[in-house]
Every structure is written in structure tokens, then in C-alpha cells.
Amino acid sequence: MVAKNVDPVITQKWARIRGILRSEVGDAAYRSWLKPLTLLSAKNGTVIVSVPTQFMRDWVVSHYADRLRELWVGQGSDIHSVDVVVQSVSQVTVVRQVVPNQPSSGQVQVSDLTKGPGQLSICSPLDPRLRFDNFVVGPSNELAYAAARRVADLEAARFNPLFLYGGVGLGKTHLMHAIAMHVRESFPEKKVGYLSAEKFMYHFVRALRMKDTVSFKEQLRSLDLLMIDDLQFITGKEATQEEFFHTFNDLVDNNRQVVISADKSPSDLYGMEERLRSRLGWGLVADISATSFDLRYQIVELKARKMKVEIPPKVIEFLSHRITSNIRELEGALNRVVAHATLVGRDISVESCHEVLSDLLRANTKKLTIEEIQKRVAQHFEIRLTDMCSARRARVVARPRQVAMYLSKQLTTRSLPEIGRKFGGRDHTTVMHAVKKVEELRSNDVRFDEDVDMLRRLLES
């Protein structure tokens, strides 16, 4: 939808962007989260879109704000930020728009949310929700967290630069925003600037085109704390690297703090000038590695408390076991589960998680084979592997066989007939009976439940 009085050219670009989003996220997610977006205005480089509820705003900002900005930039406009506001449809006079079903055309990056006092025009606003007190610390990120806390106290730029690296969604951006928020609140006289490497490049190229590089340099070099996110985006960009190199040197030489994040360590940033890679390793390089089960469990617990939603321990355990790719995806999965339960009025359960998160679960499922499951279960119950396919019906054999069928159904994407064929050519109804029997036993026998749960963990690890 589009508010009245929006420029027709901007309206056409909005239609194309909605079409691309629809093709990328699918009809279900589009209808739930993106179709309600209303374009209110586009001026001074900022697009403002509205959603009808605060819950929807938080979801859109968390999951789609970056992509929205990328798509606006990709339309060849001068838009460089997107703001999402809460405004009911009844408050806005809109004209409805038919969204074409267009294919996606590549990928890019994001802008932020709320501007702070004294915000430089070329820097991104900070997200006040990303703080140290809601960052969950574990073995995979404790060095990065400790270094970030030390840097945030601005103790004579002890680690300069602080270089954080790791995969997508593991907490690099959270720590950077936390540092900036802490400095802004503890040292209000200090100038703080946070921006993505892509935005650095955009404003540098724009300054070159406008013949105004002096202003660009002065803004960044006047900062007490400069934070550049996703530095890998300027690999191969020689002119941008040159400018960043001189900005970096100027700040470090004047004892100003620099914090950088990337998806790789400085030595692995191929396409980056050697002299720059060397300088990036001057201070402290801290890796944020993949999360452990315990850390993921704590994250889900904390997120649930913040949302004021009661999540059964079994569900927290299920999500922590199955969504292992990154924290952002794990939090997104929890949001989806809670949203579904709220909208349709159902209890949150492992079964509802299976239903709502089928796409994520497929993507995160370890590609286990039925043969691996049979072997592990046979070893655990101390029976022969051949008994999995034999005709023997003695309980000492039949029960482990049923457990193996149950786990094959839970941990693989194989159909019931396919599972049955792997167990000596049994019918799919035999597999259904096995699954039902194991579920009954798990609910009535604590020791049996613990046995099956341990086997599942071993197979998933």
C-alpha cells in the first residue's frame, strides 16, 4: 500500500521492491509481515514505511530492514536509510497497489533505526535494544565480549583496533552497538560513529562525485570512536580502501578508538591491500565462533523472558538443538513460533514448532541416514545390526527397532514407506505404529524417555 501524495516514480519503485520481496520470502511470509507495509514518504534520502502494530514493527526491523534498504539502493535512487514506524491503516489515507511477481536480482546490506544526539549525517543510528546486559556470554564469544567491555570504557584505546570476526548472526553487530551505546551514555561528550563498510563506500563515492571529500574526511576523523561493520564489503574496492586506510591511520595515530567487524580474520580478507590487512591486526583480533547448545539454550530463555512469554523447557531444548546455524536465525525461529501461537491461539509445543518451522528445520537438519541411526541404536541396546531388518518379534529386539524407526521419522526427511523398506521391507503402517508406541512410552516412562533423548542428542551432535 502507498499513502496519497507519494511521488509516482517512488510508488513504481515500491511496487518493484515489494515484488522482489515476495519472490524472495514466499507468499506466506509476505502476507504475514510485508504486505501490511504502507509507504508513507521518501525524502531527504530516507524512506518511511508504516506497520499497524509494535510487534510487527519489531519483526520487520529485525528481519527485513537491511534487505529493504538494499533494494531501495538497488533501484538507483538516492535513498540510503529506511525507517519503520507504527501507524494503523485507519490513520493513513492510502491507495492500494498491485504487486507484480518479479524475480530477485542479487543481494546487498542495511540501515538502522533511531538517531541519537549529535548523530553525524553519514553515520547510521544505533539500535538501543543491543546492549551488554542482554548479550549472552559463552565460550564461543567470551573473549570478544570482554574486549568489547574494555574498549567501551575508552581506556586510552588499549586495543586499537578491536577487530571482531565470525559468521553471520553470531553477535558481532550486537557487540558493536553495545559498545557505542555504553560510550554514548557514559561519555556524552565523546563523538561516536557507527556505519557499515557499504555505507562508508557509498558516502565516499558520493563525496567524490560532489567534490566534497574534505567534509567526508572531517566528519570521520573528528570522531572519538569509529565503528565499521562488515568490512569485507570493501574488498577489491581500491579507492575506498585507500580512504579507509588514511582514516584508520589518522584516528589510531591520534589515540582515537577504532572497532571493526568482518566475516573473516584480517589475514583471510583476500582482496584487501596487504598494508591494510597488516594494520587491522595491530590491536586485538577476537573470533566469535559457532554457538554451543548451552549458549543457544540461554539465548532462547533470555529472549522468551524479554517477550514475556512462557516457553516450555522441551520447546527451548528443541529449538536449541535444531536451529544451530546462528543466533539471528534462532531468535527469528522463536519469534515465528510465538507469533503463530499468538495469532492462532494455540499452545507452544514441539509439535507446533515442527509445523511452523518446517523450512528452517530442513535447512538445519544434519543429513543423517537411516543406516547411521540403526547402527547407533543397535550399539546402545546391544543387539546385532541385522536384527533391525530381521523378522524377530522378541521385545529385546522389537523395542530397539521401534526406537530406530521413531528416530528415523524425527531426524530424517524420509517418508514412512521409505523408512519401512529400510527395516526389512516393512509396511508404512508398522512404522506409524512404532512411532506412536515410542511416543506413548516416552510420556509414561521417564527412564525410557531419557534413553531416547540421549540417543537423539548423540545422533544430532
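No experiment lies behind these values; they were computed from the predicted model shown.
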Residue pair Q257, V151: steps toward the side-chain contact (heavy atoms from CB on, under 4.5 Å) verdict | CA-CA 8 Å; Q257 181 69 53; V151 163; 3.7 Å; yes

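- Checked by atom type and distance alone, the side chain of Q410 never pairs as donor or acceptor with a backbone atom of V435 at under 3.5 Å.
- The closest donor-acceptor contact from the side chain of R414 to the backbone of I370 lies at 3.5 Å or more, if one exists at all.
- Counting non-hydrogen atoms of neighbouring residues, nucleotides and ligands closer than 6.0 angstrom, the CZ atom of R206 reaches no more than 12 such neighbours.
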Run the numbers on L226 and L220 for side-chain contact (heavy atoms from CB on, under 4.5 Å), then give the verdict.
-> CA-CA 7 Å; L226 172 64; L220 290 180; 4.0 Å; yes

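- Looking at R426, its side chain never comes within 3.5 Å of a backbone N or O of G420 through a donor-acceptor pair.
- Remark: R149 is positioned above the aromatic ring of F132, its terminal NZ or CZ atom under 6.0 angstrom from the ring centre and at most 45 degrees off the axis.
- In this structure the side chain of K264 never reaches within 4.5 angstrom of the side chain of Y270, judged on heavy atoms.
- For K303, the NZ atom is densely surrounded, since the number of other residues' heavy atoms within 6.0 Å is greater than 12.
- Counting only distance, with no hydrogens or angles, the side chain of S186 and the backbone of V183 share no donor-acceptor pair below 3.5 Å.
- The two residues D127 and M181 make their nearest non-hydrogen contact at O-CG, 4.3 Å.
- Between E185 and R131 a salt bridge is recorded (basic side-chain N to carboxylate O distance below 4.0 Å).
- No side-chain heavy atom of L225 sits under 4.5 Å from any side-chain heavy atom of K190.
- R57 contributes no side-chain N or O that, together with a main-chain N or O of V51, makes up a donor-acceptor pair within less than 3.5 Å.
- In this structure, F233 and F200 have side chains that are not in contact, with every pair of non-hydrogen atoms separated by 4.5 Å or more.
- For the residue pair K422 and C389, the shortest heavy atom distance occurs at O-SG, 3.4 Å.
- Heavy atoms from other residues, nucleotides or ligands lying under 6.0 Å from CD of E440 number more than 12.
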Kindly determine whether E351 and K314 satisfy salt bridge (charged side-chain N to carboxylate O under 4.0 Å, His left out), including the steps that lead there.
-> CA-CA 11 Å; E351 290 71 27; K314 283 282 186 186; over 6 Å; no

Going through the distances and angles, do F163 and V259 end up as a side-chain contact (heavy atoms from CB on, under 4.5 Å)?
-> CA-CA 6 Å; F163 191 102; V259 180; over 6 Å; no

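- Side-chain polar atoms of Q232 and T235 form no donor-acceptor pair below 3.5 angstrom.
- Residues R442 and Y406 come closest through the heavy atom pair NH1-OH, 3.0 Å.
- Across every non-hydrogen atom of V377 and P400, the tightest pair is CG1-O, 3.4 Å.
- Under the 3.5 Å distance criterion, the side-chain polar atoms of K172 are matched with a main-chain donor or acceptor of G167.
- Interatomic distance, L319 CG to I311 CD1, rounded to the nearest 0.5 Å: 8.0 Å.
- From M176, atom CE reaches atom CD1 of I228 across 7.5 Å, with rounding to the nearest 0.5 Å.
- A centroid separation of less than 6.0 Å is found between the aromatic rings of F318 and H354.
- Put simply, the side chain of S352 never gets that close to the backbone of I348: no donor and acceptor are under 3.5 Å apart.
- Judged purely by distance below 3.5 Å, without hydrogens or angles, the side chains of T430 and D427 never pair a donor atom with an acceptor atom.
- Neither side chain, S349 nor D347, offers a donor N or O lying under 3.5 Å from an acceptor on the other.
- Interatomic distance, CD of E439 versus CG of N444, reported as 12.0 Å (0.5 Å rounding).
- Counted by atom type alone, D230 and S196 present zero donor-acceptor pairs between their side chains at under 3.5 Å.
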Where do D229 and Y194 land on the side chain to side chain donor-acceptor pair (under 3.5 Å) test, with the steps shown first?
-> CA-CA 8 Å; D229 208 353; Y194 165 85; 2.6 Å; yes

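- Side-chain contact between L37 and R18: present, with at least one pair of heavy atoms (C-beta onward) separated by less than 4.5 Å.
- Distance check: L295 CG to L170 CG gives 9.5 Å after rounding to the nearest 0.5 Å.
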Show your working on side-chain contact (heavy atoms from CB on, under 4.5 Å) between R421 and E418 and close with a plain yes or no.
-> CA-CA 5 Å; R421 284 194 291 271; E418 287 176 309; 3.3 Å; yes

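- In summary, R69 and E198 engage in a salt bridge, as defined by a charged side-chain N under 4.0 Å from a carboxylate O.
- With rounding to the nearest 0.5 Å, the separation of CZ in F244 from CE in M272 is 7.5 Å.
- Under the 3.5 Å distance criterion, with hydrogens and angles disregarded, a donor-acceptor pair is assigned to the side chains of R399 and Q402.
- The minimum heavy-atom distance between S320 and Y297, with the atom names listed, is OG-CA, 3.2 Å.
- Counting heavy atoms from C-beta outward, E317 and D453 have side chains that approach closer than 4.5 Å.
- To the nearest 0.5 Å, atoms CD (E142) and CD1 (I288) are separated by 12.0 Å.
- Counting only heavy atoms from C-beta outward, the side chains of V438 and L407 never approach each other to under 4.5 Å.
- Shown here for N134 and R129, the closest heavy-atom pair between the two residues is ND2-O, 2.6 Å.
- No side-chain heavy atom of I323 sits under 4.5 Å from any side-chain heavy atom of L334.
- N141 is not listed as a side-chain neighbour of D287, based on a closest heavy-atom distance of 4.5 Å or more.
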